[in-house]
Student: 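Handing you a structure now.
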Amino acid sequence: MTGTSIVWFRDDLRVHDNPALSAAIERGGAVVALYVLDEESAGIRPLGGAARWWLHHSLESLACGLGDLGVQLVLRRGEAQRVVHELVAETRAEAVLWNRRYSLPERTVDTDLKSRLRAEGTDVASFAASLLHEPWSVTTGTGSHYSVFTPFWRACLSRPTPRLPLPAPLEAAAETASVPSDDLADWRLLPRAPDWSRGLAEAWEPGEPAARRQLQEFVRGGLADYDRARDEPGLEGTSRLSPRLRWGELSPFTVWHEAVAADGGGRFLTELGWREFAWHTLDRFPDLATKNLRAEFDSFPWPPPDEYALAAWRSGQTGVPLVDAGMRELWTTGHMHNRVRMVVASFLVKNLLIDWRVGEEWFWDTLVDADAASNPFNWQWVAGSGADAAPYFRVFNPMLQAEKFDPHRTYIDRWAPDSTGEPIVDLQATRRAALRAYDEIKRAR
C-alpha cells in the first residue's frame with residue numbers, strides 16, 4: 001500500500017481539473033488535503049477584506065467536495081514551509097503535491113520547500129493548473145518575455161491547443177486517521193463589527209459547484225453576444241468569471257474548452273489571453289504592484305494626494321455619475337464592470353492626479369477577484385506606466401463614456417441615481433494638468 005500523500009491547495013480550490021489532487025489519488029493510499037493561510041512568509045501580501053470573505057466560503061465548499069472523495073481538508077495557519085513540513089512529519093506522508101504558483105514570494109517558498117523535502121526523502125511533484133501557458137513557455141525569438149499583448153497572444157495561439165481538463169476523481173481516497181485542523185471560523189476571515197458583506201452575499205455564491213453552474217449559464221446564454229454586450233455595464237454582458245479563475249474554482253483549461261465548444265470563444269478567449277499576459281508580466285517584473293514598469297514614470301511629479309478627493313472617489317461621491325456608480329458597485333458587491341474599472345482608474349490617476357498605487361491598494365482590499373498579477377497590471381495599463389500601456393494622454397472622459405456605454409443610464413440609475421453630475425474637479429482643467437505633468441517626464445528623458 002502506498003503511503004499518505006498531502007495535496008497542498010492554494011489558489012486552486014476545486015476538485016475538477018486539479019492535477020495535484022488527481023495524481024495524489026492515483027498514487028493510492030491515504031490523501032490529506034491542506035490549505036495554509038500564510039501571512040508570515042517573506043513578501044506574502046495579506047489578502048484584502050473582500051478576498052478574505054470569498055476565501056472563507058470557497059474553503060467551506062471545497063471541504064464538502066473533498067469530503068465526497070474521502071479526503072479531509074486540513075486548515076493550518078502560519079509560515080507555509082514550517083506548516084507543510086510539520087504536517088509531513090505528523091502524517092508520515094511519503095509525497096507532497098501541489099499546483100504551481102507564479103508570483104515571486106510564493107515561488108520562493110515552493111522552491112525552498114521542494115528542495116528541503118526531497119533532501120529528506122519525500123517525493124514532491126508540482127503541476128501546471130492555473131495558466132494555459134506557463135511564463136517560461138512563451139518567449140520571443142531571442143528568448144525574452146513579450147512586452148506587447150498582440151504578438152504575445154499570437155504566439156500563444158500558435159502553440160499546441162491547451163490540454164483538455166481533467167475530470168474530478170471518481171474513486172475515493174483510502175481512509176486516513178483524522179488530522180487536527182484549525183476551525184475556519186477561528187481565522188476570522190469574515191467581517192465583523194461591522195459586517196459589511198451583505199451585498200457580497202447577495203451578489204455571489206463562492207465555491208466550485210456555483211462556479212461550474214455560472215460557466216454553463218454564460219456559455220449557453222451570454223457568450224454568443226459577448227463581443228457586443230461586454231462594454232455596456234447596464235447589461236448582463238460579461239462572464240463574471242474573474243473571481244472563479246482567481247480562486248481556482250474553475251481552471252482556465254475548463255473555461256477555454258467550454259468556450260471553444262460553444263461557439264469558438266471569439267473575443268472572450270482574448271480576455272483569457274489578457275489574464276495570461278498579466279501573469280507573464282508579473283513573472284518578469286515581480287514588483288508589479290509597487291514599481292512602474294516604465295522607468296521614466298519614476299519621475300512623474302505626483303502631488304500629495306488630496307484626501308478629500310480620495311475619500312470622495314472611494315465612497316462614490318465625486319459628482320461624476322459613472323465613476324460614482326462604479327465605486328458603489330465595488331463597495332457593495334466586491335466587483336466592478338471592466339469598462340467602468342478603466343474609467344474610475346483613469347479618473348483617479350489623470351483627473352485627481354493620485355498615484356496609481358493608491359488605487360491599486362483600494363482595489364486589492366475591495367475586489368473579490370484581486371490577484372497579484374491582474375490588479376496591478378491593469379492599474380499600470382490605465383496609468384500609462386505599464387506593459388502595452390494606454391498612452392498617458394489617453395484620458396477616459398467619464399461623461400462621454402457614460403453617454404456611449406450607458407446611454408439609458410441603466411447602470412448609473414441602479415448604483416448612483418443621486419450622483420449630481422457636478423464633478424468635484426474640472427474635468428478639462430485636470431486633464432490639462434495631467435498632460436503637463438506627463439510632458440515633464442518626457443522632457444526629462
Side-chain angles (χ1 to χ4, degrees), residues 10-11 39 41-52 54-55 101-108 130-131 135 145-149 152 242-243 245-248 252 271-300 302 305 310 313-314 326-327 330 334-350 352-392 394 396 441:
R10 293 88 77 81
D11 296 332
E39 298 174 306
S41 295
I44 298 292
R45 188 176 187 182
L47 296 172
R52 292 168 70 86
W54 191 288
L55 175 62
R101 304 184 287 186
Y102 302 100
S103 58
L104 181 59
E106 286 84 358
R107 267 202 339 258
T108 300
S130 63
L131 293 178
H145 285 73
Y146 283 92
S147 59
V148 177
F149 174 70
F152 164 80
S242 54
L245 288 163
R246 184 263 176 268
W247 293 104
E271 298 301 322
L272 284 180
W274 188 255
R275 173 180 179 267
E276 298 268 316
F277 189 42
W279 279 102
H280 285 234
T281 302
L282 180 67
D283 181 68
R284 180 184 174 195
F285 297 102
D287 296 323
L288 191 63
T290 56
K291 293 184 179 180
N292 296 306
L293 285 183
R294 297 174 184 264
E296 63 267 27
F297 274 81
D298 292 345
S299 61
F300 192 89
W302 298 109
L310 178 58
W313 178 81
R314 286 173 172 165
M327 297 305 292
L330 172 62
H335 190 263
M336 191 192 303
H337 187 277
N338 187 60
R339 166 65 55 175
V340 185
R341 293 191 197 199
M342 293 189 288
V343 173
V344 303
S346 176
F347 182 78
L348 180 76
V349 173
K350 297 176 180 178
L352 301 184
L353 269 186
I354 293 177
D355 194 321
W356 62 265
R357 284 160 280 228
V358 175
E360 193 276 340
E361 289 178 357
W362 183 250
F363 273 29
W364 180 263
D365 192 39
T366 54
L367 281 172
V368 294
D369 62 7
D371 67 33
S374 295
N375 193 50
F377 178 86
N378 287 325
W379 270 95
Q380 292 221 45
W381 185 86
V382 172
S385 61
D388 203 28
Y392 192 86
R394 183 183 298 162
F396 287 86
I441 65 171

Student: For Arg314, which residues count as a side-chain hydrogen bond (donor to acceptor under 3.5 Å, both in side chains) partner, sequence neighbours excluded?
Tutor: none
Student: Glu361: what forms a side chain to side chain contact (heavy atoms under 4.5 Å, CB included) with it, not counting sequence neighbours?
Tutor: Arg45
Student: Applying side-chain hydrogen bond (donor to acceptor under 3.5 Å, both in side chains), name anything that partners Asn378, two or more places apart in sequence or on another chain.
Tutor: Trp274
Student: If only atom types and distance count, is the side chain of Asp355 paired as donor or acceptor with the main-chain N or O of Val358 below 3.5 Å?
Tutor: no
Student: Holding to side chain to side chain contact (heavy atoms under 4.5 Å, CB included), I want the full list of residues that pass it with Pro105, two or more places apart in sequence or in another chain.
Tutor: Ile44, Ser103
Student: Between CG of Leu348 and CH2 of Trp313, what distance do you get to the nearest 0.5 Å?
Tutor: 5.0 Å
Student: Within this structure, what is the CZ-CD1 distance for the pair Arg357 and Ile354, rounded to the nearest 0.5 Å?
Tutor: 13.5 Å
Student: Between Phe277 and Tyr146, is the ring centroid distance below 6.0 Å?
Tutor: no
Student: Is there a donor-acceptor contact under 3.5 Å from the side chain of Asp365 to the main chain of Gly49?
Tutor: yes
Student: What distance separates Phe377 CZ from Thr281 OG1, expressed to the nearest 0.5 Å?
Tutor: 4.5 Å
Student: Go through the structure and list residues passing side chain to side chain contact (heavy atoms under 4.5 Å, CB included) with Ser130, not counting sequence neighbours.
Tutor: Tyr102
Student: Holding to side-chain hydrogen bond (donor to acceptor under 3.5 Å, both in side chains), I want the full list of residues that pass it with Asn375, two or more places apart in sequence or in another chain.
Tutor: Glu360
Student: Could you give the distance from CZ (Arg246) to CG (Asp11), rounded to the nearest 0.5 Å?
Tutor: 4.5 Å
Student: Please give me the minimum heavy-atom distance between Met336 and Val344, naming the atom from each residue.
Tutor: SD-CG2, 3.7 Å
Student: Looking at Trp247 and Val368, what are the two nearest heavy atoms and their distance?
Tutor: NE1-O, 3.0 Å
Student: Where the side chain of Ser299 meets the backbone of Glu296, is there a donor-acceptor pair that is under 3.5 Å apart?
Tutor: yes
Student: Could you work out, with ring-ring contact (aromatic ring centres under 6.0 Å, His included) as the rule, every residue matching His335, not counting sequence neighbours?
Tutor: Trp204
Student: Enter the distance from Trp381:CH2 to Leu293:CG here, rounded to the nearest 0.5 Å.
Tutor: 14.0 Å
Student: Are side-chain heavy atoms of Trp54 and Leu47 found at a separation under 4.5 Å?
Tutor: no
Student: Just to verify, what does Asp287 make a side chain to side chain contact (heavy atoms under 4.5 Å, CB included) with, not counting sequence neighbours?
Tutor: Thr290, Lys291
Student: Do Leu330 and Trp362 make a side-chain contact, defined as non-hydrogen atoms from C-beta onward lying under 4.5 Å apart?
Tutor: yes
Student: Please name all residues satisfying ring-ring contact (aromatic ring centres under 6.0 Å, His included) with Trp356, sequence neighbours left out, ordered by chain then number.
Tutor: none
Student: List for me each residue that meets ring-ring contact (aromatic ring centres under 6.0 Å, His included) alongside His337, sequence neighbours excluded, and say none if there are none.
Tutor: none
Student: Who are the ring-ring contact (aromatic ring centres under 6.0 Å, His included) partners of Phe300, not counting sequence neighbours?
Tutor: Trp302, Tyr392
Student: Kindly write out the residues that satisfy side-chain hydrogen bond (donor to acceptor under 3.5 Å, both in side chains) with Asp369, not counting sequence neighbours, or none if the list is empty.
Tutor: Ser242, Arg341
Student: What distance do Ser385 atom OG and Arg294 atom CZ have between them, rounded to the nearest 0.5 Å?
Tutor: 8.5 Å
